[in-house]
Amino acid sequence: MRRIMIAGNWKMHLNVQESSLLVHRLNERIKVHRDIEIVLAPSALSLQPLSLEIDRRKFRLAAQNAYFKDEGAYTGEVSFTMLRDLVHYVIIGHSERRIYFNETLEVVRDKVAAAFRNDLKPILCVGENKEERKDGMTKQVLHDQIVTALYNLTAEEVAEVVIAYEPIWAISTFGGELAKPSQIDSAIVFIRHQIAELYGEATAQAVRVLYGGSVDDQIARGYLEIEGCDGTLVGGASLNYMKFTGIVDAAYRMIHSQEEHHAQQ
Ligand code: PGA
């Protein structure tokens, strides 16, 4: 059984104090959920204080980025090694990193390798832009991003990767068009199919695939109900405790209505 993940990417928002306040508000409203993993990705600066503040039964931390070298003269960078005891996950290959910071397929691959070298799990973001979708290139883009990023990993490691499908055209900061669930379900199937081809069906069934792009509390359920979708990576709405809590509630209600449905059968 793949556990649902609801992850909040706070991007370059909230200083240490504001981050702490948001965690406090979320903590008041979110219960311990056995079947939902809630992941918070604040700025690197807030990771250390939040690692001491969060209720670890409810929340896990993710870094938004890290550099692939473990140590050295790389001014301004934070390594995966430094994050080892602070976070569970690191977001790798977010489209903002690929576009604004020129992260190539190879850089993303080296970061994924660095994460495993340091016992951290990647939340690997993949997704096509508007032109690529229009030109029918979506599968090719996803194929290239996935094949390179997972290069050199064992099937056991791949099973632990979380893949976030985030079509660039649907991300709020890039002027996000709202993606209909029917526009993204084939990409989610394709991602798992790709993993099956490379690493076998058992690995594909273990990998979690999230959706990300303008998800909020009102529309989350539509995405969560897509066959094979194991959660959401949330940007803008994760900064609002009401909206983020609403997304967690949507996941909770969906899981429980499915359980009731099975019980009645
Ligand atoms: P958004 O961001 O929810 O604000 O569209 C998603 C993301 O960039 O991960």
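Order of appearance sets the numbers: ligands from 1, and atoms from 1 within every ligand.
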Run the contact test for Ser214 against ligand 1 with a 4.0 Å cut-off on heavy atoms, strictly below, and give the result.
yes
Mark the output for Ile171 as yes if a heavy-atom distance to ligand 1 is under 4.0 Å, and as no if none is.
yes
Atom 9 (O) of ligand 1: which protein heavy atom is closest, and how many Å away?
Glu166 OE2, 2.7 Å
Decide yes or no for Leu40 and Phe244: does some side-chain heavy atom of the first lie under 4.5 Å from some side-chain heavy atom of the second?
yes
Identity and separation of the nearest protein heavy atom to atom 3 (O) of ligand 1
Gly235 N, 2.8 Å
Would you say Gly212 has any N or O atom under 3.5 Å from an N or O of ligand 1, going by distance alone?
no
Please state whether Gly213 comes within less than 4.0 angstrom of ligand 1, counting heavy atoms only.
yes
NZ or CZ of Lys121 within 45° of Phe116 ring axis and under 6.0 Å
no
On a heavy-atom basis, which atom in Leu105 and which in Arg98 lie closest, and how many Å separate them?
CD2-NH1, 3.8 Å
Chi angles and distances behind the side-chain hydrogen bond (donor to acceptor under 3.5 Å, both in side chains) call for Glu128, Trp169
CA-CA 8 Å; Glu128 79 288 0; Trp169 48 274; 2.9 Å; yes
In this structure, would Val161 and Val147 fall into the same cluster of hydrophobic residues linked by side-chain contacts under 4.5 Å?
yes
Please report which non-hydrogen protein atom sits nearest to atom 4 (O) of ligand 1, along with the residue it belongs to and the distance in Å to one decimal place.
Ser172 OG, 2.5 Å
Please confirm whether His94 comes within less than 3.5 Å of ligand 1 when only nitrogen or oxygen atoms on both sides are compared.
yes
Show the atoms of ligand 1 that are less than 4.0 angstrom away from any heavy atom in Gly236.
1 (P), 3 (O), 4 (O)
So among His143, Gln145, Glu166, Gln194, which one has a side-chain contact (heavy atoms from CB on, under 4.5 Å) with Val126?
Gln145
Hey, is NZ on Lys139 packed in by over 12 heavy atoms from elsewhere, all under 6.0 Å?
no
